[in-house]
Amino acid sequence: MKKYAIIDLDDTLLDFTRGENEGVTQLLRENGVTDIQRGLATYVQINRNIWHQIELGADRAPLLNARFTQAFNELGVTVDGLALEKQYKAMLDHNYYTLPGAAELLADLKHAGVTVIAGTNGTKSIQLNRLRGSNLAPYFDSIFISEDVGFDKPDQRFFAPIFNHYPTMSAANTVMIGDSLHSDILGATNAHLNSIWFNPHHQAGTAAYQPTYEVDSFTTLKQLLLA
């Protein structure tokens with residue numbers, strides 16, 4: 001059984017994609033975009049590129065503040081991108097959707113004596129609000145958020161305060177769990193930790209990022225952690 005489980009939040013426990021789609025769809029409609037599917041695809045691609053830059057060390061604030069300006073420009077619509085960013089963040093604050101079975105998984109791990117740690121990229125206020133609103137916060141022994149830490153996964157420096165907080169943590173008793181090959185699995189590799197790729201949608205893997213294990217359900221994940 002693993003003593004420490006560092007678990008990503010977005011699309012690993014919290015259903016970020018559902019909240020993202022609802023929020024961006026609302027902004028598109030409010031600003032006159034009629035082809036919602038094209039609008040969503042445009043935003044998602046721009047946002048993915050922005051977060052890749054952030055994970056490589058770029059300053060997050062100017063990039064995030066400009067993402068809606070870029071997306072709507074591509075759609076031929078002029079907007080106040082900064083105002084939309086603030087509106088969108090307010091929406092995310094209330095995105096309390098969780099993946100089915102997430103609470104039960106965390107409860108079972110806690111009951112078994114696993115130290116459950118949240119290790120997530122993102123904005124501190126948004127992630128904390130979502131954890132409280134989803135009622136998942138009490139299951140975590142500690143929470144580490146990249147904006148607060150100062151580094152984003154996959155940078156190994158993201159994990160430094162976690163190791164400092166838990167001096168008995170080691171590669172043998174700890175595992176990183178997440179849905180992102182780039183941030184979670186590569187991050188674990190950079191930090192010399194084993195990893196579990198949570199892949200319920202059976203996405204294709206890549207030779208560049210090799211998880212130690214791969215699971216497609218919380219049932220299999222729990223069995224692996226408690227074995």
Side-chain angles (χ1 to χ4, degrees), residues 1-14 16 51 54-61 92-93 96 98-99 102-198 209-213 215 218 221-227:
M1 185 180 84
K2 294 299 181 183
K3 183 175 181 181
Y4 301 102
I6 307 171
I7 310 181
D8 174 59
L9 295 181
D10 290 332
D11 292 325
T12 301
L13 298 172
L14 299 173
F16 177 81
W51 273 103
I54 292 171
E55 289 168 0
L56 292 175
D59 187 0
R60 72 176 56 226
L92 288 185
D93 275 344
Y96 303 144
T98 61
L99 296 177
E104 291 80 2
L105 168 71
L106 295 175
D108 289 343
L109 295 181
K110 290 288 289 182
H111 181 73
V114 178
T115 298
V116 181
I117 303 157
T120 180
N121 288 349
T123 302
K124 181 179 180 180
S125 61
I126 291 174
Q127 299 297 64
L128 291 179
N129 283 338
R130 294 171 66 221
L131 281 175
R132 287 190 290 263
S134 63
N135 297 315
L136 295 186
Y139 295 113
F140 291 98
D141 294 274
S142 55
I143 300 167
F144 294 85
I145 303 170
S146 63
E147 184 184 46
D148 200 32
V149 170
F151 301 98
D152 291 82
K153 295 174 293 179
D155 194 315
Q156 65 180 349
R157 290 172 291 183
F158 172 87
F159 296 88
I162 304 178
F163 294 145
N164 289 338
H165 192 75
Y166 297 100
T168 62
M169 186 175 280
S170 68
N173 63 18
T174 307
V175 67
M176 173 75 214
I177 303 137
D179 69 296
S180 171
L181 284 172
H182 180 259
S183 64
D184 300 315
I185 304 310
L186 179 59
T189 301
N190 290 340
H192 307 291
L193 292 174
N194 289 328
S195 61
I196 301 175
W197 184 26
F198 180 63
Y209 311 118
Q210 288 294 322
T212 313
Y213 309 99
V215 300
F218 287 143
L221 175 58
K222 182 176 71 172
Q223 292 171 346
L224 191 57
L225 289 172
L226 300 184

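Computed over heavy atoms, backbone and side chain alike; hydrogens, waters and symmetry mates excluded.
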Mind checking salt bridge (Lys or Arg N to Asp or Glu O under 4.0 Å) for [X] and listing every partner two or more places apart, or none if nothing turns up?
X: Lys3; value: none
X: Arg132; value: none
X: Lys2; value: none

Minimum-distance pair of heavy atoms, taken over all atoms of [X] and [Y]:
X: Ile145; Y: Gly122; value: CG2-O, 3.5 Å
X: Ile143; Y: Phe140; value: CG1-CB, 4.1 Å
X: Ser125; Y: Glu147; value: N-OE1, 4.5 Å
X: Ser142; Y: Tyr166; value: OG-OH, 2.6 Å
X: Asp152; Y: Phe158; value: C-CB, 4.2 Å

So, applying side-chain contact (heavy atoms from CB on, under 4.5 Å) with [X], which one of [options] is it?
X: Val114; options: Asp108, Leu226, Leu225; answer: Leu226
X: Ile6; options: Thr115, Thr120, Asp184, Thr174; answer: Thr174
X: Leu136; options: Leu131, Leu9, Val116; answer: Leu131
X: Leu13; options: Asp179, Leu105, Ile177, Thr98; answer: Leu105

Atom [atom1] of [X] and atom [atom2] of [Y]: how far apart are they, to the nearest 0.5 Å?
X: Asp93; Y: Gln127; atom1: CG; atom2: CD; result: 10.0 Å
X: Asp8; Y: Ser180; atom1: CG; atom2: OG; result: 7.5 Å
X: Leu109; Y: Asp141; atom1: CG; atom2: CG; result: 10.5 Å
X: Phe16; Y: Leu92; atom1: CZ; atom2: CG; result: 5.5 Å
X: Asn129; Y: Ser134; atom1: CG; atom2: OG; result: 10.5 Å
X: Tyr139; Y: Glu104; atom1: OH; atom2: CD; result: 7.0 Å

TODO: May I ask you to decide if Met169's main-chain N or O and Asn173's side chain share a donor-acceptor pair within less than 3.5 Å?
DONE: no
Task: Counterpart residues, ring-ring contact (aromatic ring centres under 6.0 Å, His included), relative to Phe159 (two or more places apart) - done: none
Task: Contacts of type ring-ring contact (aromatic ring centres under 6.0 Å, His included), residue Tyr209, not counting sequence neighbours - done: His182
- [ ] Give the ring-plane orientation class for Phe218 versus Phe198, where under 30° counts as parallel, over 60° as perpendicular and anything between as tilted.
- [x]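 Parallel: the ring planes of Phe218 and Phe198 meet at under 30°.
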Open item on the list: Do Ile54 and Asn121 make a side-chain contact, defined as non-hydrogen atoms from C-beta onward lying under 4.5 Å apart?
Closed with: no
Check residues 186-196 and write down every donor-acceptor pair under 3.5 Å in which the side-chain atom is one partner and the other belongs to a residue at least two apart or another chain.
from: Thr189; atom 1: OG1; to: Ile185; atom 2: O; distance (Å): 3.0
from: Asn190; atom 1: ND2; to: Pro154; atom 2: O; distance (Å): 2.8
from: Asn190; atom 1: ND2; to: Leu186; atom 2: O; distance (Å): 3.4
from: Ser195; atom 1: OG; to: Thr212; atom 2: N; distance (Å): 3.2

Task: Result of checking Arg60, Lys124, Lys153 against Ser146 for side chain to side chain donor-acceptor pair (under 3.5 Å) - done: Arg60
